[in-house]
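Working notes, beginning with the structure itself.
Treat the numbers as computed from the prediction; the structure is a model and nothing was measured.
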Amino acid sequence: MKVLITGSNGLLGQHLIPLFARDGKYSVIATGRGTNRSPQGENYIYESANLRDAGSVQQLVQKHQPDIIIHAGAMSQVDECEKNKDACWDTNVGATRYLVNAAEKVNAFFLFLSTDFVFDGLSGPYNEDAAVNPINYYGTSKVAAERLVHNSKLQWAIVRTVLVYGVANDPHRSNMISWVRDNLRQGKKIKVVDDQVRTPTLCQDLATGCLLIADKKATGYFNISGKEVLTPYDMAEQTAAFFQLDTGLIEKISSRSLAQPAARPAKTGLLINKAEQELGYKPHTFAEGLEIVAGEIR
């Protein structure tokens, strides 16, 4: 089966490519903006494409005729979305509309990546049936994109995930674990919020969840995340302990003190019972995830 992966230069995309490429069932076409940032040598094709252009999307899909489209491409910097709403809408909603339209013409199975930020954070963790109520523009754009997928003529799956962590092949992209480790090693104090609750997700787990859905062509909404309910402060403390660094350098702060352009939901996190039961999904613990990421950093 041919699988088209959008956002292939992003963190998730870089983990999806080798996972699908090593599986004998799949022929992978990866697409992103600009040059390919994934390691060469994997069994896949890369094509640069502008997903904000309907003609470009139509041409890409018609050329490759994918059986499955995994739409992981997005504008996901929450504050940037708040400050540049037109770009956010064009990237997160417009591109999804073009891909859905193109997918309908080739009858592709459509897997869309969404977020816990579709929720207001008043009553998390959430299951798949919880009512959406975003409190920032990023979440608003993702709700609109979800509805495009939901209302399409396609077989589809919508995957919501939370606070994805891991290592990307990109020197400009940092991750929380290396940020905590590097600062504490240098004896620098760091400030980390402790009033936001999440179920952090190892990127490899999210990629595996997508593969499980693709294998079964499972339809509907799926929560794919970690199981542990943690704050960013909890994550920083566990990271410091793992690397045997001074946890006293970590200062708890409230999210209000950051004065960020976009509001963040206070308590999200996702319940993953459905993915466990229907897909056989088994996420790593955060401690196990730390070991994996530490190995990749080294």
Side-chain angles (χ1 to χ4, degrees), residues 7 9-15 18 37-39 74-84 115-117 121 124-125 136 138 161-207 225-270 283-298:
N9 282 328
L11 176 60
L12 175 59
Q14 289 184 30
H15 285 81
R37 292 191 210 126
S38 289
M75 183 172 173
S76 56
Q77 298 85 0
V78 183
D79 291 330
E80 280 304 306
C81 288
E82 206 71 24
K83 292 188 286 185
N84 196 342
T115 172
D116 61 316
F117 277 27
N136 56 47
Y138 169 62
T161 192
V162 189
L163 191 57
V164 180
Y165 66 96
V167 178
N169 189 40
D170 182 353
H172 304 295
R173 184 189 287 270
S174 65
N175 66 81
M176 183 176 182
I177 291 167
S178 58
W179 174 75
V180 170
R181 183 198 66 167
D182 294 347
N183 278 283
L184 298 189
R185 275 186 176 170
Q186 295 168 42
K188 294 179 181 176
K189 290 186 176 181
I190 59 172
K191 297 181 178 182
V192 186
V193 298
D194 76 332
D195 57 355
Q196 293 176 10
V197 174
R198 306 287 183 256
T199 47
T201 311
L202 179 67
C203 194
Q204 284 92 329
D205 287 341
L206 178 55
S225 76
K227 286 188 83 161
E228 293 162 280
V229 177
L230 301 170
T231 67
Y233 179 82
D234 295 332
M235 294 171 69
E237 271 211 319
Q238 287 194 39
T239 301
F242 176 83
F243 289 108
Q244 297 182 316
L245 298 167
D246 184 3
T247 57
L249 293 170
I250 308 170
E251 180 186 344
K252 285 184 187 179
I253 59 167
S254 74
S255 43
R256 278 192 209 136
S257 68
L258 296 175
Q260 294 165 305
R264 267 68 167 176
K267 185 179 182 181
T268 64
L270 298 174
H284 291 83
T285 65
F286 186 67
E288 291 167 341
L290 273 172
E291 292 236 24
I292 291 166
V293 172
E296 291 181 324
I297 293 170
R298 284 194 290 268

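Ion pair D79/R264 flagged as a salt bridge, since at least one NZ, NE, NH1 or NH2 atom sits closer than 4.0 Å to an Asp/Glu carboxylate oxygen.
Within the 4.5 Å cutoff, no side-chain heavy atoms of E251 are placed close to those of K189. Side-chain contact between L184 and I190 is present, with heavy atoms from C-beta onward closer than 4.5 Å.
Taking NZ from K252 and OH from Y233, the interatomic distance works out to 5.0 Å, rounded to the nearest 0.5 Å. Between R37 atom CZ and N169 atom CG the span is 9.5 Å, to the nearest 0.5 Å. The structure places CE of M235 at 8.0 Å from CG of L290, a figure rounded to the nearest 0.5 Å. In this structure, CZ on F243 lies 8.5 Å from CG on D182, to the nearest 0.5 angstrom. Atom OG1 of T268 is separated from atom CZ of R198 by 4.0 Å, given to the nearest 0.5 angstrom. Distance check, rounded to the nearest 0.5 Å: CG of D194 to CD1 of I250 gives 11.5 Å.
Scanning all heavy atoms of the two residues, the minimum distance from M176 to P232 falls at CE-O, 3.1 Å. In this structure, I297 and I177 approach most closely via the heavy-atom pair CD1-CG2, 4.1 Å. The two atoms that bring C203 and H15 nearest to each other are SG-ND1, 3.5 Å, heavy atoms only. Residues P283 and S225 approach most closely at CB-O, 3.6 Å, considering heavy atoms. Here the closest heavy-atom approach between residue L11 and residue Y165 is recorded as CD2-C, 4.3 Å. A pairwise comparison of heavy atoms in N136 and P265 identifies ND2-CD, 4.2 Å as the closest pair.
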Worked check of side chain to side chain contact (heavy atoms under 4.5 Å, CB included) between V193 and T231: CA-CA 7 Å; V193 298; T231 67; over 6 Å; no

Test side chain to side chain contact (heavy atoms under 4.5 Å, CB included) applied to V192 and W179, step by step: CA-CA 11 Å; V192 186; W179 174 75; 4.1 Å; yes

Full working for side chain to side chain contact (heavy atoms under 4.5 Å, CB included) between Y138 and E80: CA-CA 9 Å; Y138 169 62; E80 280 304 306; over 6 Å; no

Check against side chain to side chain contact (heavy atoms under 4.5 Å, CB included), V164 and D205: CA-CA 9 Å; V164 180; D205 287 341; over 6 Å; no

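Under a 3.5 Å cut-off, the side chain of Q14 and the backbone N or O of N9 do form a donor-acceptor pair.
Donor-acceptor pairing under 3.5 Å is lacking for the side chains of E228 and Q238. With no hydrogens or angles considered, a side-chain donor-acceptor pair links S255 and D195 at under 3.5 Å.
Among L163, L12, T161, the single residue meeting the side chain to side chain contact (heavy atoms under 4.5 Å, CB included) criterion with T201 is T161.
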